[in-house]
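Taking it in order: structure first as C-alpha cells, then the write-up.
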Amino acid sequence: MPLLEIKNLNLEFTHRGHAVQALQDVSLSIEPGETLCLVGESGSGKSITGLSIARLVPTPPARYVSGQILIEGRDTLQMSEKEIRKVRGGVVSYVFQDPGASLNPVFRIGSQIKEVLTLHRPNDANNAEVIRLLKLVGIPAPESRFHNYPHEMSGGMQQRAMIAMAIASRPKLLVADEPTTALDVTIQAQIVELLRDLKRELGMAILLITHNLGVVGDIADRVAVMYAGQIVETAPSRQLLKLPLHPYTRALMNSVPKLGSQAERLTAIPGNVPQLGSFPSGCRFHPRCAQAKDDCQKTSPELVEGGSNSQRLVRCPYWSADAHPDEGSGPVPSPQQGA
Ligand SMILES: Nc1ncnc2c1ncn2[C@@H]1O[C@H](COP(=O)(O)OP(=O)(O)OP(=O)(O)O)[C@@H](O)[C@H]1O
Ligand SMILES: [Mg+2]
C-alpha cells in the first residue's frame with residue numbers, strides 16, 4: 001500500500017463570492033521511504049497540494065471539492081479534527097521555507113523541540129533526545145545550541161533546527177516546502193544532502209516541493225511536475241532528467257542554471273503562469289508552448305502513459321513526436337530503456 005495516495009483532488013478558492021479552481025484532478029502517490037519532488041513555477045499549486053495532505057489549507061477560502069487523500073489507506077479529508085491533529089506533526093510533518101513559520105522567536109530551540117517530543121513521543125521528551133536530534137541534523141555543539149534562541153542562529157542552522165523539530169515525532173512523511181530557497185547555494189546543497197541522509201537513516205518518505213529542477217537529481221526517486229493546478233508529468237527522476245516528455249518539463253529543464261555554464265544560455269520560459277480563474281482553454285500550457293498545435297487550445301489533454309512504461313505519465317498527446325522529432329508521431333519504443 002502506498003504511504004500517501006492523493007486521488008483526483010479538486011480544490012477551489014472563493015474570491016469575492018466566486019469560486020476559482022486551484023487544483024484540478026491532482027493525483028500522486030508516495031511509497032514508504034520514497035522521495036518525490038514536486039516541481040513547477042510559482043503559483044502552480046505545489047504548496048496547496050502539500051498542505052492539503054494534513055488538511056492545512058484554510059477552509060474558507062478553500063474548499064475541498066472532491067477527491068481523496070489517503071495516508072496509509074485512510075482519507076484525511078474525512079477525518080475528525082481530533083484524528084487530523086494526530087496526523088499533523090505525527091505521521092506527516094512539515095518543513096517550510098520561512099523559519100518564522102515553525103520556530104517561535106521567544107522560546108529556546110531546545111525547549112521547542114522538546115515540546116514536539118512531549119506531544120508525540122512523551123517517553124522520549126528529555127534533553128538527551130533533543131541533543132541527539134540536534135546532532136543528527138548536523139548542528140555543531142548541540143549541548144550549547146540547545147539554549148539558543150532562533151535569532152542566535154544562522155539561516156542554515158535555523159533550517160536544520162526546523163528539520164530536527166519536524167523529524168522529532170518520527171514522521172512517516174516529511175513535507176519539505178521550498179526548504180532551501182532562502183539560503184545561499186552552498187547551504188542549500190548541504191540541506192538537500194542532510195534530507196537525503198535522514199531519509200536513508202530514518203526510512204521516512206519525503207515530499208520535496210521546489211521550483212528548481214536542479215535539486216531533483218540529488219535526492220528524488222520520482223518527480224511530479226505541476227502547471228496551473230494540474231500534474232503534467234510524473235516519472236522516475238532519472239528517466240525524467242534523461243528524457244523529459246512534456247514541453248513544459250523541457251522548458252523548465254532549460255531554465256535550470258547549470259554549474260559552470262554561461263548565464264546567456266539560460267532560457268526563461270516565455271510568458272507567465274496563468275492566474276487562478278483565468279486558465280487557458282484546452283491545454284493550459286498551450287499559450288507558452290513552442291510545440292503547440294491547432295487543437296491544443298481546444299482539447300484538454302488527459303494524463304497518458306508516456307511510452308511502454310506505465311511509471312511515466314504525461315499530459316500531452318504529442319509527447320512522442322516532440323521528444324523524438326525524427327521518429328514521427330507514432331508511439332516510441334520504451335524511451336526509458338537504459339535509464
Ligand atoms: N489561502 C489562499 N487564498 C486564496 N488563494 C490562494 C491561497 N493559497 C494559495 N492561493 C492561490 O493558489 C495558487 C497556488 O498557490 P501555491 O501557493 O500552491 O503555489 P506554489 O506552486 O506553491 O507557488 P510558489 O512556488 O510561489 O510557492 C496561487 O494562485 C495562489 O495565489
Ligand atoms: Mg509554494
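Counting starts at 1 for both ligands and their atoms, following the listed order.
- For ligand 1, none of its N or O atoms has an N or O atom of T49 under 3.5 Å away.
- With ligand atoms numbered from 1 in the order given, ligand 1 contributes 1 (N), 3 (N) to contacts under 4.0 Å with heavy atoms of P61.
- The hydrophobic clustering, which links ILVMFWY residues whose side-chain heavy atoms are closer than 4.5 Å, places V65 and I53 apart.
- Ligand 1 has at least one atom lying under 4.0 Å from a heavy atom of E178.
- Expressed to the nearest 0.5 Å, how far NZ of K298 lies from SG of C283 amounts to 14.0 Å.
- For the pair G40 and ligand 1, no heavy-atom separation below 4.0 Å is found.
- Nearest heavy-atom pair, M204 versus L174, reported as atom, atom and distance to 0.1 Å: CE-CD2, 3.7 Å.
- For atom 27 (O) of ligand 1, the closest non-hydrogen atom on the protein side is S47 OG, 3.9 Å.
- Looking only at protein heavy atoms, the nearest one to atom 18 (O) of ligand 1 is I48 N, 2.9 Å.
- The Mg ion (ligand 2) has S47 among its coordinating residues (N/O/S atom, backbone or side chain, under 2.8 Å).
- Shortest contact from atom 1 (N) of ligand 1 to any protein heavy atom: F13 CE2, 3.7 Å.
- Proximity to E41 (heavy-atom distance under 4.0 Å) selects the following atoms of ligand 1: 21 (O).
- G43 O, 4.0 Å is the protein heavy atom nearest to atom 28 (C) of ligand 1.
- Minimum interatomic distance between L117 and A168 (heavy atoms only, all atoms of both residues): CD2-O, 3.6 Å.
- Of the charged side-chain nitrogens involved, none lies within less than 4.0 Å of a carboxylate oxygen, so that E34 and K199 do not count as a salt-bridged pair.
- Between R74 and E83 there is a salt bridge, since a side-chain N of the basic residue sits under 4.0 Å from a carboxylate O of the acidic one.
- Distance from atom 26 (O) of ligand 1 to its nearest protein heavy atom, with residue and atom name: S42 OG, 2.4 Å.
- By the 4.0 Å N-to-carboxylate-O rule, E81 lies too far from K86 to be salt-bridged with it.
- For the pair G45 and ligand 1, the shortest N or O to N or O distance falls below 3.5 Å.
- The protein does not reach atom 31 (O) of ligand 1 closely, with no heavy atom under 4.0 angstrom from it.
- For the pair H15 and ligand 1, a heavy-atom separation below 4.0 Å is found.
- What you find for I231 and M226 is that their closest heavy atoms are CD1-CG, 3.8 Å.
- With values rounded to the nearest 0.5 angstrom, S169 atom OG is found 12.0 Å from I113 atom CD1.
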(request) Determine, stepwise, if the pair E41 / R288 fulfils salt bridge (Lys or Arg N to Asp or Glu O under 4.0 Å). (result) CA-CA 13 Å; E41 287 165 290; R288 304 172 73 190; 3.0 Å; yes
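- At a heavy-atom cutoff of 4.0 Å, ligand 1 is contacted by no atom of H211, backbone or side chain.
- The residues R132 and E129 are annotated as salt-bridged, a charged nitrogen and a carboxylate oxygen being separated by less than 4.0 angstrom.
- Scanning the protein heavy atoms around atom 29 (O) of ligand 1, the nearest turns out to be L276 CG, 3.3 Å.
- Shortest contact from atom 25 (O) of ligand 1 to any protein heavy atom: K46 NZ, 2.8 Å.
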